[in-house]
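Remember, it's a predicted structure, so these values are computed and weren't measured experimentally. All chains are named by letter (A, B, ...) in the order of the sequence lines, taking the proteins before the strands, and each is independently numbered beginning at 1.
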Amino acid sequence: MSAATGPVTDKIDPFSKKQSVKKPKQKRSQASSRYKAKGGTELVPLPQLKDAPPAEQHELFIKKLQQCSVVFDFMDSVSDLKGKEIKRASLNELVDYITAGRGVLTEQVYPEVVKMIASNIFRTLPPSENTEFDPEEDDPTLEASWPHLQIVYEFFLRFLESPDFQPSIAKKYIDQKFVLQLLELFDSEDPRERDFLKTVLHRIYGKFLGLRAFIRKQINHIFLKFIYETEHFNGVGELLEILGSIINGFALPLKAEHKQFLIKVLIPLHKAKSLSLYHAQLAYCVVQFLEKDATLTEPVVRGLLKFWPKTCSQKEVMFLGEIEEILDVIEPSQFVRIQEPLFKQISKCVSSPHFQVAERALYFWNNEYVMSLIEENSNVIMPIMFPNLYRISKEHWNQTIVALVYNVLKTFMEMNSKLFDELTANYKAERQKERKKEKEREELWKKLDGLEINATVNNKEVKSVPPTSTNTPVAGGSPAVGTRYAPYSPTAHRLMAK
Amino acid sequence: MAASDSDDSLYPIAVLIDELRNEDVQLRLNSIKKLSTIALALGVERTRSELIPFLTDTIYDEDEVLLALAEQLGNFTPLVGGQEHVHCLLPPLESLATVEETVVRDKAVESLRKIAADHSTADLEAHFVPLVKRLASGDWFTSRTSACGLFSVPYPRVSSQVKAELRTHFRNLCGDDTPMVRRAAAGKMGEFAKVLELEYLKSDLIPLWTNLASDEQDSVRLLAVEACVSIASILPREDLESLVMPTLKNAAEDKSWRVRYMVADKFTELQVAVGPEITKSDLAPAFQGLLKDCEAEVRAAAANKVKEFCENLPADVRETTIMTNILPCVKWSFFLQELVTDANQHVKSALASVIMGLSPILGKDNTVEHLLPLFLIMLKDECPEVRLNIISNLDCVNRVIGITQLSQSLLPAIVELAEDTKWRVRLAIIEYMPLLAGQLGQDFFDEKLNNLCMAWLVDHVYAIREAATNNLKKLVEKFGSEWATSKIVPKVVAMAQDPNYLHRMTTLFCVNVLAEVCGVEVTVSVFLPVVLKLASDAVPNVRFNVAKTLQKIGGLFDAETVNSQLKPCLDKLKTDQDFDVKYYASEAILVLTEAA
């Protein structure tokens, strides 16, 4: 027996060994998806710029720019090492040359510079290696050609920031099409590249007045595509960062275009599931808007309430953080307008079974300004908050939350003890009323369902009878219905009148 | 809410509307989902005069609620009084078609398309088309996006003047400033092409399509590829060459991999649409290009289509095209070969899932000469999915070249895979065993494969052990009870003494399936003593499986054996300490008594 099973037992798990021989995880990097076949051109080293006589420097500069337009394959790390090294050295020289040299940016240089930059940085971004890439968990895939790309970006920035730089000449080459391609690069998975792009775009926005509206519009499109179509774009945070400073500079009164951007783009951006990656920048933009124009508070808060996360607690905590930032700058007159819907939501958060959500909401009561607003409007807010607070003070699983809730209840008691006593006294009665209402609802729907069943039966019997007449068989039996649902009617009328 | 009409109406609308207004989203949602019930309660007249206007005026809610509303309204025609009144549903749906959230808008458009069919021609022109025009010239992109999906439905039914207007609006949308709208237009272009008159298709739509296919945004261009399938299938063959092919060829070489991917993904549809001639002249080379693309995504999509593409080739040119265009590859030069050893596992696994399908097309000789070597390479691939895809399609090769040839060439690889690290691969091999055994014959099997089959019985994955026991049954069915007694039964019985209780249980599982095929004699003389002995096993799982086994095989024995051997054993198990053992023992007793 043992002889028979001997070799077999070895085979029970022959895999653990094999698995441990698994290849070490390769460092992930990727090349751009360049379609055009590359290579062919061999780079010949040129003399150094600093060694050339001044008269020849200009021509050599252009030659070097052209040389640096050649693109190499970095996925093959051993191919064409010589060429890569020549280009790297030239790029470094170029950076030094336009940083130190004065008067080197002549008109003929502009097209060559832009061409060199474009041929290096503009490329179709490759498909993401990891389709379920989670920017918070996974390491980003880095750009393989970074050793060259970095110096090109460096050069681009020095070019834009050079005291000699003339936007009036450059705008012939740095045009809408150029900017569009630049914006597409913001989807790069490599954070180093996005960081450069951010600074570059910011400079372009600052120097090319004619491109500003266009840039804003294209960013709009990127965001809308991200929100409603793909939910994927790596550079949302960087673009928001630029926008933050753009919004800061908006003139008052705000143009309709900008307000629309806030309500129709920035607020829906809260919906995406990757919100955590750019929430800080987004909240900053929103608050910037509110500081400029307080009347935007109501639509903003209502918008946030509309997109309030239903299941994602992490996002809910972020929303609460943003609400507090908004409350920090809110004007009392605006607060009154949103307090009801807002505190209904906060009341739900306070009673969230997720303690971080409950805790974050309860921290509002540590904010002096928020407290003063609540105190001023305690007549409205206390009745909204009280039932949930009272309930969870008895039944929340987390002791920290219970302690915080007691504190809040205490502040309410101090704020308006008369109202507090009333609310406590009515608590039970209110609950009963609610239950009764619930029961009535159920009955109503039961009746309606019965009606539907009757209707289908009737319809089967007499096809031609219009649906109205299907009411009659049931209608005969209950003349009192109209009065039985009387408690509903006042609210309904009020809502109808709105 | 006038009191007077409480006679003919059971429920005051205010009550119902109050339900639609409930503070709790979930309750609102429930109410909306029962909107038809509410409408029924109100009757057609009041649904038209009160409910629909209310819904139109108060659309501001959670997207979830709006989505349900948009869906409901699509089925509302009978509830508002049928055909002649259906247009009263347009206003609320129009508002819903302009909201931000895509799913809501799409649903609203879907419902609009649905109720468009319920409109009379006159109403279509009087109410529906103006709505399309309003949406098409809306301020915010959402309404224009929605409009794109509303052209193809009314178009065939309206007058030529209105048709011309619709075409103009569609043209504007194709040139819209916002990429979102252009994308929507490109996406709906195919269905619009289908209802367009041929002359307008050529004069109006093709230029628009060509523009979209060269849009600055790749997301627009790739949708134009999709539209290409419909357009190409409508156009007469003689126009294809000049109107469609240049654009399509560009798309296959687009600088964005997304566009090329789309071409690869739609390749066989495009192939059918353009017909055999153009396939031969233009598409085959393009396909070659996609199989060699620099992006793995594109190669994988193309590899997936290899079989279908070859199948679709007209019979007369099929073999030559495959041999010259697709398989210069196999001629040890390029791509299938290259793909077989691709760096990207998705490419390989896509290819592995279809490559076997080539052998019926190519016939026996070509398969042996060109495909078998590739199969062998892929069977040894480091990625389990690739191996699995090959193995699970072995039978279609088998049909072409016969088992002898297959086993000679593939057997070593198969034996190796029998010990694959991935259990799904092992499972696929096991399932292939009975077929292989039958074809190879008993001697060959005993020599090469018997040990493998026994080894699977003690695999560490249950699914494999289970499959292995079933496999044994099939083998015994093939080779007979005598073979079983000499080759299988001793090993199965020996496992009953294994220190690992899982293996002891495997003995029981084997008995479950083997008892019948081995016959009563073997079962009584060999299996039964082993099973009865296991009744006193230390592990409860083994003991209750004894009860289950006895229940299962009990029917094979005569009454005497049952009463003298099975019953006492089960009675003992019935007094076991373990709850489950007791349960199964009493269940077995019950079944055996009933049978007797």
Side-chain angles (χ1 to χ4, degrees), chain A residues 1 4-5 7-9 11-15 18-19 33-36 123-124 126-127 177 180 184 217 221 224-225 227-230 260 264 268 271 306 310 344 441 444-445 447-449 451-452 455 466-472 474-475 478-479 481-482 485 488-489 491-493 495-496 498, chain B residues 1 3 6-12 14-15 17-19 21 23 27 34 36-38 40-41 43-45 54 58 62-63 78-79 81 100-102 140-141 178-180 183 216 218-219 253-258 260-261 294-297 419 421 454-455 458-460 491 494-495 497-498 503:
Chain A
M1 144 89 219
T5 38
V8 167
T9 21
K11 277 173 196 154
I12 291 179
D13 194 354
F15 324 115
K18 283 188 194 167
Q19 267 163 354
S33 173
R34 288 182 212 267
Y35 193 59
K36 293 279 172 302
R123 65 216 191 270
T124 309
K177 190 156 181 275
L180 203 58
E184 275 174 20
K217 193 171 80 183
H221 292 163
L224 289 170
K225 184 177 168 195
I227 301 166
Y228 294 114
E229 293 181 5
T230 60
Q260 191 184 48
K264 297 223 168 187
K271 272 211 293 196
K306 183 176 171 195
K310 301 278 186 297
K344 276 181 187 160
R441 278 195 64 256
L444 169 72
W445 280 103
K447 281 232 160 88
L448 286 172
D449 287 342
L451 190 65
E452 193 170 40
T468 355
S469 63
T470 58
N471 286 340
T472 23
V474 198
S478 41
V481 166
Y485 293 104
Y488 281 92
S489 307
T491 19
H493 279 294
L495 289 163
M496 286 290 280
K498 252 185 191 174
Chain B
M1 171 78 274
S6 57
D7 288 335
D8 61 336
S9 132
L10 179 55
Y11 303 104
V15 174
I17 280 173
D18 206 29
E19 281 297 283
R21 283 299 208 168
E23 254 181 40
L27 292 180
K34 299 211 161 179
S36 57
T37 313
I38 295 179
L40 205 58
V44 283
E45 209 130 307
F54 163 76
T58 53
E62 301 267 341
D63 292 329
L79 294 167
E100 316 285 338
E101 179 49 53
T102 327
W140 189 241
F141 80 96
T178 320
M180 273 80 69
R183 275 196 286 278
E216 62 198 5
D218 59 359
S219 51
E253 291 169 11
D254 197 281
K255 67 180 189 313
S256 162
W257 62 270
R258 288 185 182 84
R260 302 197 304 275
Y261 172 88
C294 63
E295 280 310 335
E297 257 77 359
E419 294 162 31
T421 53
M454 300 316 287
V458 290
D459 198 279
H460 68 300
K491 291 182 188 172
M495 276 199 307
Q497 324 219 340
D498 196 284
H503 299 170

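Proximity to chain B (any heavy atom under 4.5 Å) is shown, for A:Ile227, by neither the backbone nor the side chain. Neither the backbone nor the side chain of B:Tyr261 comes within contact range of chain A; no heavy atom of the residue lies under 4.5 Å from a heavy atom of that chain.
Within 6.0 Å of NZ on A:Lys177 lie no more than 12 heavy atoms contributed by other residues, nucleotides or ligands.
Ranked by heavy-atom pairs shorter than 4.5 Å toward chain B, the options A:Glu184, A:Lys217, A:Lys225 are led by A:Lys225.
Contact detail for B:Phe141 and A:Leu224: the closest heavy-atom pair is CE2-CD1, 3.4 Å. Considering all non-hydrogen atoms of both residues, B:Lys255 and A:Thr124 come closest at O-OG1, 3.0 Å. Here the closest non-hydrogen pair linking B:Arg183 and A:Glu229 is NE-OE1, 2.5 Å.
Going from atom OG of B:Ser219 over to atom NE2 of A:His221 covers 11.5 Å, rounded to the nearest 0.5 Å. To the nearest 0.5 Å, the span separating NZ on A:Lys306 from CG on B:Asp63 amounts to 4.5 Å.
Between A:Tyr228 and B:Glu101, some side-chain heavy-atom pair lies under the 4.5 Å cut-off. At least one side-chain heavy atom of B:Glu295 sits under 4.5 Å from a side-chain heavy atom of A:Pro126.
Under the 4.0 Å criterion applied to side-chain N and carboxylate O atoms, A:Lys264 and B:Glu100 are assigned as salt-bridge partners.
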